[in-house]
Amino acid sequence: MNSSSSSYTVRRTETPPPLAGDPGHPLWASAEVAPVSYFHSASSAHRPRTEARVLHDRHNLYLQFDVHDRYVRAVETEYQAAVCQDSCVEFFVQPVPGKGYFNFEFNCAGTMLLMYIVDPTFMGDRLKRFCAVWPEHARQVKIHTTLPRIIDEEILEPTHWRLSAVVPISVFEPYVGPIGAINGHPWRANFYKCADKSSHPHWASWSPINGYLNFHQPQHFGALTFEA
């Protein structure tokens, strides 16, 4: 069980929010805010303010990160590249109790890594049991970012950026089976911000990870409850 009390209600929307919309857009503004504000002690003095928002329409999740950042870089451009080394936001989610979880990782330029993790025990530098989400499934995820495709010279000035994504519920089902009504039980999840290889690395989470610098700790995920 998660040792924290982090919980988040995913509000329902009848209209898809615009991916390019800012947090002040009425639809995005209707979402609860999940502050990604628990910084691991190994982080540098740079502590970017990051807020996550999620909405749903029973068939899709609408995800947005709003980041007040600095020392921004994005050099990875291929699906499944090590985007956590860039300026990165992440959404780990377990839709079905007793099944594995998915780690959506996006660098600030919109490049994604997406795995299905069954057993997050580390065996050396690899997880014990996982599989890459097939590209044909990953292509169903629509991504929008306010930054350019590549940032190979780190931006040293304060930089405000946003990343939004549409995640169809059907993306999960080849891996965990039919999900059914998403408001039938709480999902488990966490939101993260990191930049492993920036000049000012940092690691932050919404639900605390309790000391160990490892985002793959589903026992510390918070609860997502879906508005009917």
Practice task
Compare all side-chain heavy atoms of Phe215 with those of Ile209 and state whether any distance is below 4.5 angstrom.
Solution key: yes

Completion exercise
One should read off an interatomic distance between Ile169 CD1 and His59 NE2, to the nearest 0.5 angstrom, of 9.5 Å

Problem - Flag side-chain contact, heavy atom, 4.5 Å: Asp66 against His160 - result: yes

Exercise for the section: May I ask you to check whether Phe172 and His137 place their ring centres under 6.0 Å from each other? Expected result: no

Handout entry: Linked, directly or transitively: Ile182 and Val176 (ILVMFWY side chains, under 4.5 Å)
Key = yes

Problem - Single-linkage hydrophobic cluster, 4.5 Å side-chain cutoff, Val36 and Val10 together - result: yes

Problem - Candidate pair Arg188 and Val93, rule side-chain contact (heavy atoms from CB on, under 4.5 Å), full reasoning - result: CA-CA 6 Å; Arg188 308 286 294 170; Val93 60; over 6 Å; no

Problem - From Phe102 atom CZ to Tyr175 atom OH, the distance as rounded to the nearest 0.5 Å - result: 7.0 Å

Exercise for the section: Treating Ile, Leu, Val, Met, Phe, Trp and Tyr as nodes and any side-chain heavy-atom pair under 4.5 angstrom as an edge, say whether Phe122 and Tyr101 lie in one connected cluster. Expected result: yes

Handout entry: Residue of the set Arg49, Glu51, Arg47 for which side chain to side chain donor-acceptor pair (under 3.5 Å) holds with His68
Key = Arg49

Just distance, no hydrogens or angles: give the donor-acceptor pairs under 3.5 Å from side chains in residues 103-115, sequence neighbours left out.
residue : atom : partner : partner atom : Å
Asn103  : OD1  : Met115  : N            : 3.1
Asn103  : ND2  : Glu105  : OE2          : 2.8
Asn107  : OD1  : Ala109  : N            : 3.1
Asn107  : OD1  : Gly110  : N            : 3.0
Asn107  : OD1  : Thr111  : N            : 2.9
Asn107  : ND2  : Glu76   : O            : 3.0
Asn107  : ND2  : Asp86   : OD2          : 3.0
Thr111  : OG1  : Glu76   : O            : 3.0
Thr111  : OG1  : Arg149  : NH1          : 3.4

Problem - Heavy-atom side-chain proximity of Thr146 to Leu163 below 4.5 angstrom - result: no

Problem - Near-ring test Phe92/His216, centroid separation under 6.0 angstrom - result: yes

Exercise for the section: Group every Ile, Leu, Val, Met, Phe, Trp and Tyr by side-chain heavy-atom contacts under 4.5 Å, then state whether Ile179 and Leu61 land in the same group. Expected result: yes

Practice task
Might you point out which heavy atoms bring Pro168 and Asn60 nearest each other, and give the distance in Å?
Solution key: CA-OD1, 3.4 Å

Practice task
Before giving the answer on side-chain contact (heavy atoms from CB on, under 4.5 Å), spell out for Val72 and Ile151 the whole-Å C-alpha distance, their side-chain angles and the decisive distance to 0.1 Å.
Solution key: CA-CA 8 Å; Val72 174; Ile151 303 169; 4.1 Å; yes

Practice task
Say whether, by atom type as modelled, one donor and one acceptor occur between the side chain of Gln217 and the main chain of Tyr212 under 3.5 angstrom.
Solution key: yes

Practice task
With the side chain counted from C-beta on, respond yes when Pro120 and Lys128 share a heavy-atom pair under 4.5 Å apart, and no when they do not.
Solution key: no

Practice task
Give a yes or no on this: more than 12 heavy atoms of other residues, nucleotides or ligands lie within 6.0 Å of atom CD of Glu153.
Solution key: no

Handout entry: Lys193/Asp69 salt bridge by N-O under 4.0 Å criterion
Key = yes

Exercise for the section: Look up atom SG in Cys88 and atom CZ in Phe65, then write down how far apart they are to the nearest 0.5 Å. Expected result: 8.5 Å

Practice task
Scan side-chain atoms only and decide if His56 and Asn183 contain a donor-acceptor pair under the 3.5 Å cut-off.
Solution key: no

Practice task
Mark yes or no for whether Ser44, through its side chain, and His200, through its backbone, hold a donor-acceptor pair below 3.5 Å.
Solution key: yes

Practice task
Determine the interplanar angle of the Tyr71 and His46 rings, folded into 0 to 90°, and report it as parallel if under 30°, tilted if 30 to 60°, perpendicular if over 60°.
Solution key: perpendicular

Handout entry: Rounded distance [0.5 Å steps], OG in Ser164 versus CG in Leu63
Key = 7.5 Å

Exercise for the section: Side-chain contact test, heavy atoms from C-beta onward, threshold under 4.5 Å: evaluate it for Phe221 versus Ser207 and give yes or no. Expected result: no

Handout entry: Ring-ring centroid check Trp187 Phe226, cutoff 6.0 Å
Key = yes

Exercise for the section: Start with the C-alpha gap between Val118 and Lys99, add the side-chain angles, then the distance that decides, and say whether side-chain contact (heavy atoms from CB on, under 4.5 Å) holds. Expected result: CA-CA 7 Å; Val118 178; Lys99 301 280 187 175; over 6 Å; no

Practice task
Output yes when Arg11 and Glu32 qualify as a salt bridge under the 4.0 Å nitrogen-oxygen rule, no when they do not.
Solution key: yes

Exercise for the section: For the residue pair Ser41 and Trp203, establish whether any side-chain heavy-atom pair is separated by less than 4.5 Å. Expected result: no

Exercise for the section: For residues Ala138 and Tyr79, report the shortest heavy-atom separation together with the two atoms involved. Expected result: CB-OH, 3.2 Å

Handout entry: Spacing of Glu227 atom CD and Arg12 atom CZ [to the nearest 0.5 Å]
Key = 8.5 Å

Exercise for the section: Kindly say whether Gly100 contributes a backbone atom to a donor-acceptor pair with the side chain of Tyr116 at under 3.5 angstrom? Expected result: yes

Exercise for the section: Answer whether the closest heavy-atom distance between the side chains of Pro48 and Arg70 falls below 4.5 Å. Expected result: no

Fill in the blank from the handout: Value for OG (Ser6) from CG (Asn190), rounded to nearest 0.5 Å, stands at 7.0 Å

Practice task
Determine the minimum heavy-atom distance between Glu154 and Ser199, stating which atoms define it.
Solution key: OE1-OG, 2.5 Å

Fill in the blank from the handout: Nearest heavy-atom contact between Val141 and Val171 is CG2-CG2, 4.4 Å

Exercise for the section: Can you establish whether the number of heavy atoms outside Phe130 located under 6.0 Å from its atom CZ is more than 12? Expected result: yes

Completion exercise
Minimal heavy-atom distance between Pro208 and Ser205, with the atoms involved, is CA-OG, 3.8 Å

Completion exercise
Residues Arg162 and Pro23: closest non-hydrogen pair is CD-CD, 3.4 Å

Practice task
Establish whether Trp161 and Leu19 are linked, either directly or via other cluster members, by ILVMFWY side-chain heavy-atom contacts under 4.5 Å.
Solution key: no

Handout entry: Pair His25 + Trp28: ring centers closer than 6.0 Å
Key = no

Problem - Residues Phe191, Glu90; criterion side-chain contact (heavy atoms from CB on, under 4.5 Å); working and verdict - result: CA-CA 6 Å; Phe191 306 96; Glu90 304 182 357; over 6 Å; no

Handout entry: Side-chain heavy-atom pair Val54, Tyr62 within 4.5 angstrom cut-off
Key = no

